[in-house]
Amino acid sequence: MSNIMIDTTDPLEKFFTDASPEQMASDPILQQAFTIALLANDLFLPVENTEAEQKAAGGVSLMALPIDDHPHVMIFTSEERLRNFMSAGTRFARASGNSVLPSLRGQFAILNPGPDGRVMTPEDIGKITQQPTDCAVPGHVHGPDCQH
């Protein structure tokens with residue numbers, strides 16, 4: 001592992017430096033802001049396949065860590081975080097959160113594995129990927145009890 005500097009001015013990275021897991025769990029506005037940032041940003045996912053295996057399979061197999069008898073897909077918010085955690089030469093896919101998170105519905109994941117990582121349950125991923133996208137109310141942030 002290397003000690004590559006993380007860009008803490010990045011809006012998504014700021015959630016890891018400025019908000020504790022307890023704050024994230026108890027503040028619906030913070031949760032919504034995090035969801036928006038997560039879906040809007042690129043995510044970095046280590047893959048198990050070589051390029052030839054990917055082509056033959058027509059897709060990729062994402063690396064996962066076993067936690068409490070469940071495989072957790074590893075997701076990183078930056079290439080720097082991935083490089084700090086994974087061994088040199090690890091292949092990875094880069095995709096927007098909006099395109100990759102829906103494919104993880106029903107699975108466990110860990111966002112930024114390591115000391116400040118956040119475990120994501122299938123329910124967490126379901127909430128993140130079920131966000132309304134057709135709201136006509138300017139500036140409205142949907143909360144858990146939103147009626148439209």
Side-chain angles (χ1 to χ4, degrees), residues 1-133 135 141-146:
M1 279 190 232
S2 62
N3 287 323
I4 300 171
M5 295 297 296
I6 303 299
D7 179 5
T8 56
T9 62
D10 178 277
L12 186 54
E13 290 295 336
K14 289 186 73 56
F15 284 101
F16 291 90
T17 58
D18 296 351
S20 71
E22 295 78 20
Q23 288 173 307
M24 290 290 293
S26 65
D27 186 336
I29 293 173
L30 192 57
Q31 290 170 10
Q32 185 63 29
F34 176 72
T35 294
I36 291 167
L38 190 60
L39 290 170
N41 279 277
D42 282 349
L43 301 176
F44 299 79
L45 304 108
V47 299
E48 294 181 351
N49 309 82
T50 66
E51 197 169 338
E53 290 169 331
Q54 282 177 232
K55 187 174 181 177
V60 298
S61 293
L62 302 175
M63 289 185 185
L65 288 174
I67 301 173
D68 297 329
D69 297 324
H70 295 286
H72 286 62
V73 172
M74 291 184 282
I75 303 171
F76 296 88
T77 55
S78 68
E79 185 176 348
E80 292 79 16
R81 283 193 182 267
L82 182 141
R83 297 279 180 227
N84 275 342
F85 188 81
M86 303 301 297
S87 60
T90 299
R91 292 179 39 81
F92 65 91
R94 178 181 181 171
S96 71
N98 198 35
S99 66
V100 75
L101 289 172
S103 68
L104 297 179
R105 287 185 188 132
Q107 298 184 48
F108 289 86
I110 184 162
L111 186 61
N112 292 334
D116 60 349
R118 309 278 167 96
V119 172
M120 298 170 71
T121 65
E123 294 78 18
D124 296 330
I125 294 171
K127 286 178 189 175
I128 289 169
T129 59
Q130 294 297 321
Q131 296 300 312
T133 57
C135 181
V141 176
H142 292 273
D145 298 320
C146 188

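- Closest heavy-atom contact between S26 and P28: O-CD, 3.4 Å.
- Closest approach of M74 to A64, counting heavy atoms only: CE-N, 4.2 Å.
- Of all heavy-atom pairs spanning I125 and F108, the tightest one is CD1-C, 4.5 Å.
- Contact of the M63 side chain with the M86 side chain is registered, since non-hydrogen atoms from C-beta on lie closer than 4.5 Å.
- Taking a 6.0 Å sphere around CZ of R105, one finds it holds more than 12 heavy atoms contributed by other residues, nucleotides or ligands.
- One finds the CG atom of D42 at 11.0 Å from the OG1 atom of T77 (value rounded to the nearest 0.5 Å).
- Remark: D116 pairs with R81 by the salt bridge (Lys or Arg N to Asp or Glu O under 4.0 Å) rule, at least two apart or across chains.
- Between H70 and V119 the shortest side-chain heavy-atom distance does not fall below 4.5 Å.
- L12 CG to I36 CD1: the interatomic distance, rounded to the nearest 0.5 Å, is 12.0 Å.
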R83 vs F92, side chain to side chain contact (heavy atoms under 4.5 Å, CB included): CA-CA, chis, key distance, verdict: CA-CA 10 Å; R83 297 279 180 227; F92 65 91; 2.9 Å; yes
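- Proximity of R118 to D124: side-chain heavy atoms (C-beta onward) are nowhere separated by under 4.5 Å.
- Separating the CG atom in L101 from the CD atom in Q107 is a distance of 11.0 Å, to the nearest 0.5 Å.
- When all heavy atoms of L111 and F34 are compared, the closest pair comes out as CD2-CZ, 3.5 Å.
- Here the straight-line distance linking atom CG of L45 with atom OG of S103 works out to 8.0 Å at 0.5 Å rounding.
- The CD atom of E22 sits 13.0 Å away from the CG atom of D27 when rounded to the nearest 0.5 Å.
- Atom CG of L65 sits about 6.5 Å away from atom CD1 of I110, to the nearest 0.5 Å.
- Looking only at distances, a side-chain donor or acceptor of N41 sits under 3.5 Å from a matching main-chain atom of A37.
- Residues F85 and P113 share a closest heavy-atom pair of CD1-O, 3.4 Å.
- In this structure the side chain of I75 never reaches within 4.5 angstrom of the side chain of V100, judged on heavy atoms.
- Nearest heavy atoms, G97 versus P102: O-CD, 3.8 Å.
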